[in-house]
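What follows is a single structure, written as structure tokens, with notes after it.
Residue numbers count from 1 along this sequence. Predicted model only: the values in this text are computed from it and were never measured.
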Amino acid sequence: MIKDIQQNVENTIADLQGIQISNKKSNQYVENLKKSWVDQVARMKPRQQKRTMEQQLLTRQVMNVIKLPKEQIAKLQKHRTKMEEKCLMHEQNNAYEKAYLAKWMIVERTLNECYLWHRQKEKYVLMESWINYFDGWFNGRPVARPDTKMIGSIPLKTPGWGMPIYTKYISVQFRQCPSVKALADPKNKYRIKRDGIGHKTDSLEREPYYSDFLPMVEAAIDEVFQMLVPEEVNLVGCS
């Protein structure tokens, strides 16, 4: 909006100056036009800033977050620091394959921890609903029966990257993280390169490492950690 006003004023001024105006009233009109533009911009800036703040607040409200115990987030931060130190060491030794894997492990472990906590909490909530159901049954207080269809979908161990449930979790919970989804996609070159290096069947040169693979994995790391929010845990047995 401000740019439109500025452009209109500038176009009008250019048209008037092109006629080579000598009339004082016309020159005064140009100056008034300039002043009018400055005044409009000054009045609009606070409103525009307010709208921008409201938009940012709305974005934060709809943005998906991952809640983890603060102790767990601290452990992931510590692991991130450790792996980044290893990555730097491998870069200094021109071992770009190992450097890439070190960065990748930050993303992989964080995603796995998020998914495991999500599934374990689901399981806890379901078990708690069964306890409430039987407590109510024994004490003569009718309670709605839990949805038993959920029982078979709650694993005790974290499925691998290729598992459909895990893949769906990534696509839903990290839908606003394009770099994370790119790394998690088994058909994407970043995942293929990681698997190739892991099986010692692929290499990674300096130029593609710094220009492509490293920026992508670092972007994914930033995306993941920006979504982590500490959660106060009152669940018995969950840590």
Side-chain angles (χ1 to χ4, degrees), residues 56-57 59-90 98-132 146-147 150-186 188 190-191 194-195 198 214-239:
Q56 290 176 349
L57 180 60
T59 300
R60 289 173 185 169
Q61 289 175 345
V62 300
M63 180 177 290
N64 202 23
V65 297
I66 306 297
K67 292 185 177 181
L68 289 177
K70 59 182 180 180
E71 297 83 4
Q72 199 164 354
I73 294 178
K75 289 180 180 179
L76 291 173
Q77 290 283 9
K78 185 176 180 180
H79 176 259
R80 176 182 182 177
T81 301
K82 179 181 177 181
M83 289 297 103
E84 287 180 340
E85 290 174 353
K86 284 190 175 183
C87 176
L88 181 60
M89 179 189 68
H90 292 315
K98 293 182 179 180
Y100 183 56
L101 287 183
K103 287 281 189 179
W104 184 284
M105 288 177 65
I106 300 174
V107 180
E108 190 170 45
R109 175 170 175 176
T110 306
L111 293 180
N112 284 340
E113 290 289 332
C114 291
Y115 178 63
L116 179 59
W117 174 254
H118 168 76
R119 300 299 284 170
Q120 295 290 64
K121 188 174 181 181
E122 258 190 351
K123 182 173 59 179
Y124 181 94
V125 171
L126 178 59
M127 293 172 66
E128 188 178 40
S129 65
W130 273 109
I131 293 173
N132 291 334
D147 185 1
M150 293 178 59
I151 295 177
S153 65
I154 300 181
L156 296 178
K157 295 183 179 180
T158 306
W161 279 74
M163 296 294 290
I165 298 177
Y166 183 79
T167 304
K168 182 178 180 180
Y169 171 79
I170 299 299
S171 64
V172 173
Q173 297 297 326
F174 295 90
R175 60 184 178 275
Q176 298 164 320
C177 303
S179 299
V180 172
K181 293 198 295 184
L183 261 64
D185 185 355
N188 197 292
Y190 303 102
R191 175 67 190 183
R194 177 251 183 271
D195 291 342
L214 178 62
M216 178 59 73
V217 72
E218 286 186 333
I221 292 171
D222 290 337
E223 288 175 353
V224 170
F225 277 88
Q226 285 173 4
M227 292 184 65
L228 299 184
V229 175
E231 178 181 32
E232 292 297 330
V233 180
N234 296 317
L235 306 183
V236 178
C238 289
S239 59

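- Distance CG/Leu214 to CH2/Trp104: 13.0 Å, rounded to 0.5 Å.
- Annotation: side chain of Lys86 is in contact with side chain of Lys82 (closest heavy-atom distance under 4.5 Å).
- Atom-to-atom distance recorded for Glu85:CD and His90:NE2 is 11.5 Å, nearest 0.5 angstrom.
- The line from SG of Cys177 to CG of Asp222 is 10.5 Å long, rounded to the nearest 0.5 Å.
- Ile106 and Thr110 make their closest contact through O-OG1, 2.7 Å (heavy atoms, listed as atom of the first residue, atom of the second, distance).
- Using a 4.5 Å heavy-atom cutoff, the side chains of Val224 and Leu76 are not in contact.
- For Leu228 against Cys114, the heavy-atom pair with the smallest separation is CD2-SG, 3.7 Å.
- Closest of all the heavy-atom pairs between Ile170 and Ala184 is CG2-CB, 4.0 Å.
- Rounding to the nearest 0.5 Å gives a distance of 11.5 Å between CD of Glu108 and CE of Met83.
- Minimum heavy-atom separation, Ser171 to Lys168: OG-O, 2.8 Å.
- Listed for the Tyr100 side chain is a donor-acceptor partner under 3.5 Å among the backbone atoms of Tyr190.
- Around the NZ atom of Lys181, the shell of radius 6.0 Å holds more than 12 heavy atoms that belong to other residues, nucleotides or ligands.
- Taken to the nearest 0.5 Å, the CG atom of Leu116 stands 12.5 Å off from the CG atom of Leu111.
- Taking both residues in full, the closest heavy atoms of Arg191 and Leu183 are given as CB-O, 3.5 Å, listed atom of the first, atom of the second, then distance.
- When side chains are defined from C-beta on, Tyr115 does not count as touching Gln173, because their heavy atoms never get closer than 4.5 Å.
- A donor-acceptor contact shorter than 3.5 Å links the side chain of Glu223 to the backbone of Ser179.
- How far NZ of Lys75 is from CZ of Arg109: 8.0 Å, rounded to the nearest 0.5 Å.
- In this structure, the side-chain contact (heavy atoms from CB on, under 4.5 Å) partners of Leu101, at least two apart in sequence or on a different chain, are Arg194, Ile197.
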Inset, instruction - Evaluate the side chain to side chain contact (heavy atoms under 4.5 Å, CB included) criterion for residues Trp117 and Ile66: first the C-alpha distance (whole Å), next the side-chain angles of each, then the deciding distance (0.1 Å), finally the verdict. - result: CA-CA 10 Å; Trp117 174 254; Ile66 306 297; over 6 Å; no
